[in-house]
Amino acid sequence: MEESDLIVERKKKLAELRKLGIEPYGRRFIRTHKIAEIKGDIPGKVKIAGRIVALRGHGKAAFADIKDITGKMQLYFKNDILGDGRYEIFEKVDIGDFLGVEGSVFRTRTGELTIRVEDFKILAKSLRPLPEKWHGLKDVELRYRKRYLDLIANEEVPEIFRKRSQLIKKMREFLEKKGFLEVETPIMQEIPGGAKARPFITRHQALDTELYLRIAPELYLKRLLVGGLEKVYEINKSFRNEGIDTLHNPEFTMLEAYSAYGDYQEMMELTESLIVSLAKEILGKEELNYQEQKINLKSPWQRMSLKESLKKYCSFEDFSDLKKMRKIAKSLNLELTGAENGFEIGDAIFKKKVQASLINPVFILDYPLSTSPLAKSKPGNAEIVERFELFIGGLEIANAYSELNDPREQRKRFEEELKEERESVKKAIDEDYLEALEYGMPPAAGLGIGIDRLVMLLTNSPSIRNVILFPQLKPKQ
RNA sequence: GCGCCCUUAGCUCAAUCGGUAGAGCAGGACACUCUUAAUGUCAAGGUUGCAGGUUCGAUUCCUGCAGGGCGUACCA
């Protein structure tokens with residue numbers, strides 16, 4: 001039978017219901033209980049609503065399972081009880097329909113809590129068949145393109161998004177308690193800054209100007225530090241016009257937080273206590289499994305410089321030994337242009353070799369200045385900046401640094417950066433940002449946390465698409 | 001972008017050393033007033049992702065395309 005035949009069949013029932021004077025798309029239905037609230041025998045009548053997910057007919061009686069957001073309940077429809085042609089109407093109900101039912105709670109012979117339906121209303125007729133009841137919806141493409149079906153068919157899916165919501169809520173609470181102010185900064189920016197990704201371009205008609213979707217909110221949040229707001233954060237969607245894979249979606253959710261008078265050491269403490277407290281709230285514990293790996297989040301977390309990590313996992317001693325590093329890079333099939341300095345090759349080797357070994361939380365510190373144009377250099381070492389990235393379960397979860405607040409140094413870094421910029425990206429220095437710095441920005445620490453990846457970690461999800469309700473896919477022709 | 005793999009009924013899956021596809025669920029009909037992956041009987045459901053090629057014959061082999069998955073590159 002073609003799908004259209006299944007739909008024809010249901011449309012037929014719809015018409016028949018209307019003929020019987022039943023409107024199959026109902027209105028407000030006032031419930032006395034949500035399903036999970038019906039735990040024992042409840043005297044009198046209850047009214048619940050939900051979607052029919054299973055039907056088991058027995059001649060002039062039937063059992064049905066109805067589901068709301070809190071759980072599932074068995075319903076018992078019986079000709080003798082409904083009476084007067086009402087059972088005939090019930091026979092036009094399909095799996096997938098939304099019903100409001102009224103009845104009394106009892107236990108079946110097998111002890112299952114069930115509602116003996118005395119009256120019911122069809123709240124919405126479903127015209128399409130639901131995915132298979134036992135195996136759920138497995139087709140990965142369908143799950144993403146029609147997430148509503150995934151939510152109906154696969155129990156663990158709503159749970160992931162409940163946890164995601166919980167995590168963001170608790171993150172807010174944590175930061176508020178620490179005195180951070182939540183702000184909103186422009187998504188459409190004249191000059192996209194704060195990261196080096198390719199931006200999406202859009203256009204404002206009335207202003208007759210091109211605008212860019214932000215790749216990060218960083219430069220606007222730091223303007224607020226100039227303005228005297230000492231602790232700010234934004235839970236933001238940012239947009240990067242780059243490849244899509246298990247760790248990257250073109251639009252993604254990030255926390256960025258800035259704290260005046262602090263440095264990256266302060267941010268490490270904040271990050272550690274934030275993530276530990278989130279794990280306790282969401283999972284109720286500090287240990288978790290991520291993709292076959294056992295992870296222990298218990299403080300204190302390990303801290304290691306980038307250089308030390310390379311020594312430990314790739315056993316090479318000296319960043320000035322370019323020959324040796326190139327050899328290692330080559331053995332890892334890394335493509336190099338030949339113009340890289342020691343730190344850049346080191347970073348590439350790190351990504352390829354070290355990262356996968358960082359299962360328990362590790363702060364990797366002290367990145368090369370050349371790849372960190374907005375970070376403050378370490379006292380006594382102009383090549384290195386005060387920056388860390390946090391790795392858990394082999395995933396890069398956070399990135400933070402002591403913020404560069406010297407406007408002339410910042411200009412120099414921007415100019416350096418401009419030289420290597422890719423052709424598709426607008427070549428411009430954010431003069432307005434530099435001007436802001438000239439008014440004086442307090443020394444500060446800044447933090448970025450990839451919320452999608454953190455949710456992946458806490459829900460044991462192998463792909464970022466599992467934790468984004470509507471991940472980006474190619475349009476289907 | 002590159003490499004490898006996948007695409008069979010609405011859903012979940014079989015099958016074919018190249019001989020025109022078969023189950024379960026869902027849907028239809030009948031029976032059944034305590035079932036719970038209800039049960040029993042019957043009937044129906046397919047341009048095997050799309051377009052070409054080879055062949056007497058292609059769902060199967062080959063090429064191209066589309067979508068998807070994984071890896072890799074870009075994403076400081």
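Each chain gets a letter, A, B and so on, in the order its sequence line appears, and its residues count up from 1.
- Remark: P of B/A76 and NZ of A/Lys352 are 18 Å apart, rounded to the nearest angstrom.
- Here B/G27 presents its C1' atom at 17 Å from CD1 of A/Ile52, a figure rounded to the nearest Å.
- Taking atom C1' in both B/G69 and B/U60, one finds a spacing of 22 Å when rounded to whole Å.
- If you take atom P in B/G49 and the same atom in B/C34, they sit 45 Å apart, rounded to whole Å.
- Across the C1' atoms, B/A76 and B/G67 are found 33 Å apart, a figure rounded to whole Å.
- The residue among A/His248 and A/Ala61 whose nearest nucleotide of RNA chain B is located toward the 5' end is A/Ala61.
- Annotation: B/C32 and B/C42 have their C1' atoms spaced 16 Å apart (nearest Å).
- With respect to A/Leu99, the side chain to side chain contact (heavy atoms under 4.5 Å, CB included) criterion is satisfied by exactly one of A/Leu123, A/Val93, A/Val117: A/Val93.
- The C1' atoms of B/A26 and B/A37 are separated by 12 Å, rounded to the nearest whole Å.
- The side chain to side chain contact (heavy atoms under 4.5 Å, CB included) check on A/Arg147 picks up A/Tyr144, A/Asp150, A/Leu151, A/Val157, A/Phe161, A/Leu469, A/Phe470, A/Pro471, with sequence neighbours excluded.
- As rounded to whole Å, 13 Å separates atom C1' of B/C11 from atom CG of A/Asp150.
- Applying the salt bridge (charged side-chain N to carboxylate O under 4.0 Å, His left out) test to every pair with at least one member in residues 448-473 of chain A, sequence neighbours left out, gives these pairs: A/Arg164-A/Asp452.
- Applying the 90° criterion around 0 to the glycosidic angle, B/U20 comes out syn.
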Under 3.5 Å, which N/O atoms of the protein pair with N/O atoms of nucleotides 34-37 of chain B?
{"unit_1": "B/C34", "atom_1": "O2'", "unit_2": "A/Arg109", "atom_2": "NH1", "d": "3.0"}
{"unit_1": "B/C34", "atom_1": "O2", "unit_2": "A/Arg109", "atom_2": "N", "d": "2.8"}
{"unit_1": "B/U35", "atom_1": "O4'", "unit_2": "A/His58", "atom_2": "NE2", "d": "3.2"}
{"unit_1": "B/U35", "atom_1": "O2", "unit_2": "A/Arg56", "atom_2": "NE", "d": "2.8"}
{"unit_1": "B/U35", "atom_1": "O2", "unit_2": "A/Arg56", "atom_2": "NH2", "d": "3.3"}
{"unit_1": "B/U35", "atom_1": "O2", "unit_2": "A/Gln74", "atom_2": "OE1", "d": "3.1"}
{"unit_1": "B/U35", "atom_1": "N3", "unit_2": "A/Gln74", "atom_2": "OE1", "d": "2.7"}
{"unit_1": "B/U35", "atom_1": "N3", "unit_2": "A/Gln74", "atom_2": "NE2", "d": "3.0"}
{"unit_1": "B/U35", "atom_1": "O4", "unit_2": "A/Gln74", "atom_2": "NE2", "d": "2.8"}
{"unit_1": "B/U35", "atom_1": "O4", "unit_2": "A/Thr108", "atom_2": "OG1", "d": "2.9"}
{"unit_1": "B/U36", "atom_1": "O4'", "unit_2": "A/Arg56", "atom_2": "NE", "d": "3.1"}
{"unit_1": "B/U36", "atom_1": "O2", "unit_2": "A/Gln74", "atom_2": "OE1", "d": "3.3"}
{"unit_1": "B/U36", "atom_1": "O2", "unit_2": "A/Glu112", "atom_2": "OE1", "d": "2.9"}
{"unit_1": "B/U36", "atom_1": "N3", "unit_2": "A/Glu112", "atom_2": "OE1", "d": "2.4"}
{"unit_1": "B/U36", "atom_1": "O4", "unit_2": "A/Thr110", "atom_2": "OG1", "d": "2.1"}
{"unit_1": "B/A37", "atom_1": "O3'", "unit_2": "A/Lys133", "atom_2": "NZ", "d": "3.2"}
{"unit_1": "B/A37", "atom_1": "N1", "unit_2": "A/Trp134", "atom_2": "NE1", "d": "3.3"}

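- Looking at heavy-atom distances under 4.0 Å, A/Gly57 makes contact with a base.
- At a non-hydrogen distance threshold of 4.0 Å, A/Arg240 from residues 232-241 of chain A come into contact with RNA chain B.
- Stretches of at least 3 consecutive Watson-Crick or G-U wobble pairs, with each checked distance under 3.5 Å, appear in RNA chain B as B:1-7 with B:66-72, B:10-13 with B:22-25, B:28-31 with B:39-42, B:49-53 with B:61-65.
- Summarising the geometry, the separation between CZ on A/Arg10 and P on B/C11 is reported as 14 Å, rounded to the nearest angstrom.
- Counting only residues at least two apart or on different chains, the ring-ring contact (aromatic ring centres under 6.0 Å, His included) pairs with a member in residues 76-119 of chain A are A/Phe63-A/Tyr76, A/Phe77-A/Phe90, A/Phe77-A/Phe120, A/Tyr87-A/Phe90.
- For A/Gln410, the side chain to side chain contact (heavy atoms under 4.5 Å, CB included) partners are A/Leu374, A/Leu404, A/Arg413, A/Phe414, A/Tyr433, A/Leu434, A/Leu437, not counting sequence neighbours.
- Taking only side-chain nitrogens and oxygens, A/Lys13 comes nearer than 4.0 Å to OP1 or OP2 of B/G28.
- Comparing the P positions of B/G19 and B/C13 gives a spacing of 25 Å, expressed to the nearest Å.
- Comparing the same atom, C1', in B/U20 and in B/U59 gives a spacing of 9 Å after rounding to whole Å.
- For A/Glu251, the salt bridge (charged side-chain N to carboxylate O under 4.0 Å, His left out) test picks out A/Lys237, with sequence neighbours left out.
- Residues satisfying the salt bridge (charged side-chain N to carboxylate O under 4.0 Å, His left out) criterion with A/Lys13, sequence neighbours excluded, are A/Asp94.
- With 3.5 Å as the limit, one finds a donor-acceptor pair spanning the side chains of A/Ser104 and A/Glu118.
- Considering only residues two or more places apart in sequence or on other chains, A/Lys121 meets the salt bridge (charged side-chain N to carboxylate O under 4.0 Å, His left out) condition with none of them.
- Residues that satisfy the side chain to side chain contact (heavy atoms under 4.5 Å, CB included) test with A/Arg303, not counting sequence neighbours, are A/Gln265, A/Met268, A/Glu272, A/Phe363, A/Leu365.
- One interatomic measurement links the two molecules: CD of A/Glu242 to P of B/A73, which rounds to 14 Å at whole-angstrom precision.
- Salt bridge A/Glu242/A/Arg198: present, at least one basic N to carboxylate O contact under 4.0 Å.
- Looking at residues two or more places apart in sequence or on another chain, you find a salt bridge (charged side-chain N to carboxylate O under 4.0 Å, His left out) between A/Glu234 and A/Arg214.
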